[in-house]
Number of protein chains: 2
Amino acid sequence: MNNAWHKEMLAEVKAGGRISDQDIVEKVRRAVLMQRLPPDTKLPEVTLGEVFGVSRSVVRKALTRLASEHVVDQRPNQVARVRAPSIEETRETFEARRLVEGEVAAQLAGQLDDEIMATLETQARLETEAYERGDEPARIEHSLTIHHLLAEHSPNRVLGAMLTDLVLRTSIVIALYKRPSLASCYLENDHPRLLDRLGKGDGEASRTCIHEHLHSLEALLDLRPRENSIDLMSILGRTAEQT
Amino acid sequence: MNNAWHKEMLAEVKAGGRISDQDIVEKVRRAVLMQRLPPDTKLPEVTLGEVFGVSRSVVRKALTRLASEHVVDQRPNQVARVRAPSIEETRETFEARRLVEGEVAAQLAGQLDDEIMATLETQARLETEAYERGDEPARIEHSLTIHHLLAEHSPNRVLGAMLTDLVLRTSIVIALYKRPSLASCYLENDHPRLLDRLGKGDGEASRTCIHEHLHSLEALLDLRPRENSIDLMSILGRTAEQT
DNA sequence: TGACGGAAAACTGTATACAAAGTTGGGGGC
DNA sequence: GCCCCCAACTTTGTATACAGTTTTCCGTCA
């Protein structure tokens with residue numbers, strides 16, 4: 001699994017009280033998001049049970065939920081693993097999110113009350129500050145909060161729930177495919193500009209803004225096809241021929 | 001639960017072989033879709049277990065999955081019930097489906113190979129025939145097949161999966177809110193027209209066609225606010241004051 | 001008669017035991 | 001030296017027991 005995370009969780013559980021399946025879902029999801037649990041990490045039921053101090057029953061329920069959230073891969077008779085979405089799926093997830101979040105933003109434009117707008121602006125400011133002091137985890141946290149707030153306040157709850165799922169999934173693939181040379185996926189001004197257009201009540205401008213934001217984000221990733229296990233196979237095959 | 005369905009399932013299980021959690025998911029989902037299990041029907045774990053000849057462990061997993069599909073409502077310490085989406089949620093589901101299926105159709109236009117187009121046209125013809133002979137279950141079956149085929153062949157698998165979910169959810173609410181006076185929610189020509197536009201490769205016309213189709217469908221429902229338990233509460237409250 | 005209270009029944013939550021399937025590593029054959 | 005096969009080990013699948021919660025129903029009291 002991941003030994004550091006392992007220990008950290010153990011300590012946290014000892015300190016806190018009882019743990020429910022939903023707690024496990026949230027802790028694992030967060031660990032995946034924060035790259036504490038990299039893709040393909042095995043998540044055996046007994047191990048997780050020991051970490052959280054519960055039996056397999058609870059862990060199993062949590063894993064089933066995580067699988068339906070696309071965070072974990074659960075195959076019959078095999079250990080659950082942290083899911084590693086393909087490059088193909090990454091592109092498709094971004095496209096789906098552009099469609100859904102664009103629509104949500106368009107509907108939300110001019111409909112957000114002052115209190116929520118203020119919260120959004122605070123988060124945008126905190127994101128910038130976190131970026132400037134190089135605190136990437138905090139930056140991600142604030143960036144996610146902005147998008148989650150949009151999803152949460154969508155007048156259409158069905159679309160809102162879909163957006164929440166898509167935000168999670170894009171976050172995972174960003175962590176996975178971020179160009180290693182980049183310290184951060186921060187896009188200066190994108191969030192403030194979006195908030196400005198939302199505040200002015202311009203639905204179509206807000207939609208466009210979301211589209212551009214997500215295209216820019218996607219462009220920060222390295223989505224070139226790469227040597228995967230299949231390619232490795234063929235290479236090994238050729239080496240064998242050369243011998 | 002539902003006694004007729006109950007017995008039918010018992011017979012089916014005795015005839016067939018082993019039953020997995022996924023089988024239960026499919027059978028319950030289908031029963032809900034076909035209105036064999038009306039909204040709010042209680043689904044106790046032991047009863048389902050007896051019906052399908054498995055223990056609660058398997059049933060619990062199935063119920064968790066059904067809950068994540070929005071077919072069933074699972075609250076802590078309470079029996080699972082067939083979900084009854086509100087009128088509000090019904091409208092939102094239709095809106096979400098228009099957005100997603102419109103996009104899928106636009107992407108699919110001109111991209112479907114002859115074999116799939118032929119299958120789609122067969123289903124459309126079978127739907128009409130089923131309608132003409134008054135076989136509503138068969139009509140629904142063929143109609144659903146058309147939309148599921150679109151979802152399945154969407155070049156964007158993420159959008160496709162979202163569409164599959166939305167088709168299921170709209171089917172459930174159609175069953176729930178269909179005007180009782182209507183024998184069927186059949187819309188003559190809608191499906192053939194869509195297939196024609198898909199075949200011609202006109203993406204935007206296909207999207208429009210989907211939008212119109214779903215608006216027409218929604219219009220066949222009775223989504224007027226009704227006396228529900230909350231209204232009943234307030235009435236009882238006022239009666240109490242009057243006394 | 002109707003409302004309240006409490007015991008019994010029904011049901012879910014969790015842990016655990018056993019069965020079945022998958023994984024791994026070592027020894028023998030080529 | 002390499003591959004294959006088999007046995008031990010690991011891990012998941014399913015059933016079941018018991019604890020805790022909710023619901024139901026009946027008897028009592030105003």
Side-chain angles (χ1 to χ4, degrees), chain A residues 1-3 6 13 16-28 37 40-68 71-83 229 233 236-243, chain B residues 1-3 6 13 16-28 37 40-68 72-83 229 233 236-237 239-243:
Chain A
M1 216 146 57
N2 174 319
N3 229 280
H6 206 289
V13 168
R18 213 64 70 263
I19 287 287
S20 80
D21 59 310
Q22 199 55 40
D23 295 328
I24 300 180
V25 168
E26 278 158 28
K27 282 183 196 304
V28 173
L37 293 175
D40 271 332
T41 307
K42 284 187 186 175
L43 300 171
E45 297 176 358
V46 277
T47 317
L48 278 177
E50 283 163 11
V51 170
F52 291 109
V54 293
S55 80
R56 283 178 52 214
S57 332
V58 186
V59 173
R60 280 176 75 77
K61 191 165 184 177
L63 285 176
T64 304
R65 299 182 98 90
L66 284 165
S68 79
V71 173
V72 144
D73 234 1
Q74 222 182 1
R75 285 208 184 77
N77 293 318
Q78 276 174 244
V79 268
R81 285 163 176 273
V82 176
R83 220 168 98 81
S229 53
M233 281 290 210
L236 289 176
R238 251 189 284 136
T239 329
E241 270 175 40
Q242 284 167 357
T243 335
Chain B
M1 217 144 59
N2 174 318
N3 228 280
H6 207 289
V13 168
R18 213 64 71 261
I19 288 288
S20 80
D21 60 309
Q22 199 56 40
D23 296 327
I24 299 179
V25 168
E26 278 158 28
K27 283 183 197 303
V28 173
L37 293 175
D40 270 332
T41 307
K42 285 187 186 176
L43 300 171
E45 297 175 358
V46 277
T47 317
L48 278 177
E50 284 164 10
V51 170
F52 292 110
V54 294
S55 80
R56 284 179 50 215
S57 333
V58 185
V59 173
R60 280 177 76 77
K61 191 164 185 181
L63 285 175
T64 304
R65 299 182 99 89
L66 284 165
S68 80
V72 144
D73 234 1
Q74 224 183 0
R75 286 206 182 78
N77 291 319
Q78 276 173 245
V79 293
R81 286 163 176 271
V82 175
R83 218 167 100 82
S229 52
M233 280 290 210
L236 289 176
T239 329
E241 270 176 42
Q242 285 165 357
T243 335

Considering non-hydrogen atoms only, spot the tightest contact between A:V58 and A:S20 and give its length. CG1-C, 4.2 Å
Please list, chain by chain and in numerical order, all residues satisfying side chain to side chain donor-acceptor pair (under 3.5 Å) with B:R56, sequence neighbours excluded. B:E45
Between A:L43 and A:L66, is any pair of side-chain heavy atoms under 4.5 Å apart? no
Nearest-0.5 Å distance that lies between atom CG in A:D21 and atom CD in A:E26: 10.0 Å
Please list each protein N or O that sits under 3.5 Å from an N or O in nucleotides 13-17 of chain C, with the distance.
{"from": "C:dG13", "atom 1": "OP1", "to": "B:N77", "atom 2": "N", "distance (Å)": "3.3"}
{"from": "C:dG13", "atom 1": "OP2", "to": "B:R60", "atom 2": "NH1", "distance (Å)": "2.8"}
{"from": "C:dG13", "atom 1": "OP2", "to": "B:R60", "atom 2": "NH2", "distance (Å)": "2.9"}
{"from": "C:dG13", "atom 1": "N7", "to": "B:R56", "atom 2": "NH2", "distance (Å)": "2.9"}
{"from": "C:dG13", "atom 1": "O6", "to": "B:R56", "atom 2": "NH1", "distance (Å)": "3.0"}
{"from": "C:dA15", "atom 1": "OP2", "to": "A:S55", "atom 2": "N", "distance (Å)": "2.8"}
{"from": "C:dA15", "atom 1": "OP2", "to": "A:S55", "atom 2": "OG", "distance (Å)": "2.8"}
{"from": "C:dA15", "atom 1": "N7", "to": "A:S57", "atom 2": "OG", "distance (Å)": "2.5"}

Grab the CG-C1' distance between B:D23 and D:dT14 for me, whole Å please. 15 Å
Mind checking what makes side chain to side chain donor-acceptor pair (under 3.5 Å) contact with B:S68, not counting sequence neighbours? none
Nearest-Å distance for atom pair NZ/C1', residues A:K42 and C:dG22: 10 Å
Provide, to the nearest angstrom, the distance between the CG atom belonging to B:D73 and the C1' atom belonging to C:dT12. 15 Å
Give the minimum heavy-atom separation between A:R81 and A:K42, together with the two atoms involved. NH2-CE, 3.2 Å
Measure from CZ on B:F52 to P on D:dT14 and round the result to the nearest Å. 15 Å
